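From a predicted model like this one, the values you see are computed outputs, not experimental measurements. All ligand and atom numbering here is 1-based and tracks the order in the structure.
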Amino acid sequence: MKLYYAPGTCAVAVWIALDWAGADFEVERVVLGSDEYKKINPLGAVPALDTGDGKIKTQAGAILSYVADKYPEADLGAYDNIEDEFLFNEITAFISGDYHPAFWPMFGPQKYTTSTDEKDLEKVKEASFKSIDKVASRLDQMLDGREHVYKNKRTVLDAYAYILSRWLKNTPKSWKEYPNLNKFMQTLENDENVQNIIKKSVE
Ligand SMILES: N[C@@H](CCC(=O)N[C@@H](CS)C(=O)NCC(=O)O)C(=O)O
């Protein structure tokens with residue numbers, strides 16, 4: 001199995017999840033949007049996972065769910081009943097569909113305006129800070145009274161929320177300013193395995 005990744009991206013969450021699952025996998029660093037990588041994922045985005053069946057898997061939320069299902073002994077997914085599975089899918093959709101996209105204008109302001117003026121690009125970034133604060137506040141609320149994103153257990157969603165929340169350091173409000181998120185982040189910041197993966201991913 002091979003994970004395609006780029007440093008600092010949501011693909012590193014998949015790397016952590018595969019590690020937690022005890023999976024046998026290799027990683028390949030790619031250049032986002034390059035012609036070469038578009039042969040793997042036509043959208044040029046990471047993550048992409050090659051599980052060897054001739055079909056490349058994409059979309060972080062779907063891949064993380066796949067990892068949880070493929071390695072049940074690692075117990076990284078939802079509890080087995082319809083309400084708990086719904087909650088897991090709801091949180092996944094929040095992270096993929098609300099949390100992650102809130103950061104896009106900050107990382108790529110040129111995609112959100114036809115202007116090339118630096119001041120206009122800065123304004124797009126500034127506008128994103130409000131949306132980012134909204135979703136980060138929601139995540140903080142979800143973490144109230146618990147150590148994990150999903151209920152009381154470690155799941156692949158912890159890796160997902162952790163990697164994306166590290167991006168808050170590029171906004172005026174770091175994750176330290178969201179009390180529950182801060183506690184959650186500290187736990188993963190102190191996790192040696194997680195930090196080793198982050199180090200390896202930038203090498
Ligand atoms: N919907 C995709 C979005 C993936 C995505 O935006 N990945 C970012 C890195 S975190 C990326 O590769 N951006 C480069 C690009 O889209 O060109 C998913 O959830 O996996």
At less than 4.0 angstrom from any atom of ligand 1, which residues have a non-hydrogen atom? List them by chain and residue number.
Thr9, Cys10, Leu32, Ala45, Val46, Pro47, Gln59, Ala60, His100, Trp104, Trp167

Please collect all salt bridge (charged side-chain N to carboxylate O under 4.0 Å, His left out) contacts where either partner lies in residues 64-93, sequence neighbours excluded, each pair once.
Asp75-Lys153, Asp84-Lys151

Just jot down the salt bridge (charged side-chain N to carboxylate O under 4.0 Å, His left out) partners of Arg154, sequence neighbours excluded, or say none.
none

Grab the two heavy atoms, one from Ile163 and one from Val12, that are nearest each other, plus how far apart they are.
CD1-CG1, 3.9 Å

Before we go on, tell me: are the rings of Phe184 and Trp175 under 6.0 Å apart, centre to centre?
no

Kindly determine whether Val156 and Ser65 satisfy side-chain contact (heavy atoms from CB on, under 4.5 Å), including the steps that lead there.
CA-CA 7 Å; Val156 291; Ser65 208; over 6 Å; no

Residues which pass salt bridge (charged side-chain N to carboxylate O under 4.0 Å, His left out) with Lys38, listed by chain and number, not counting sequence neighbours
none

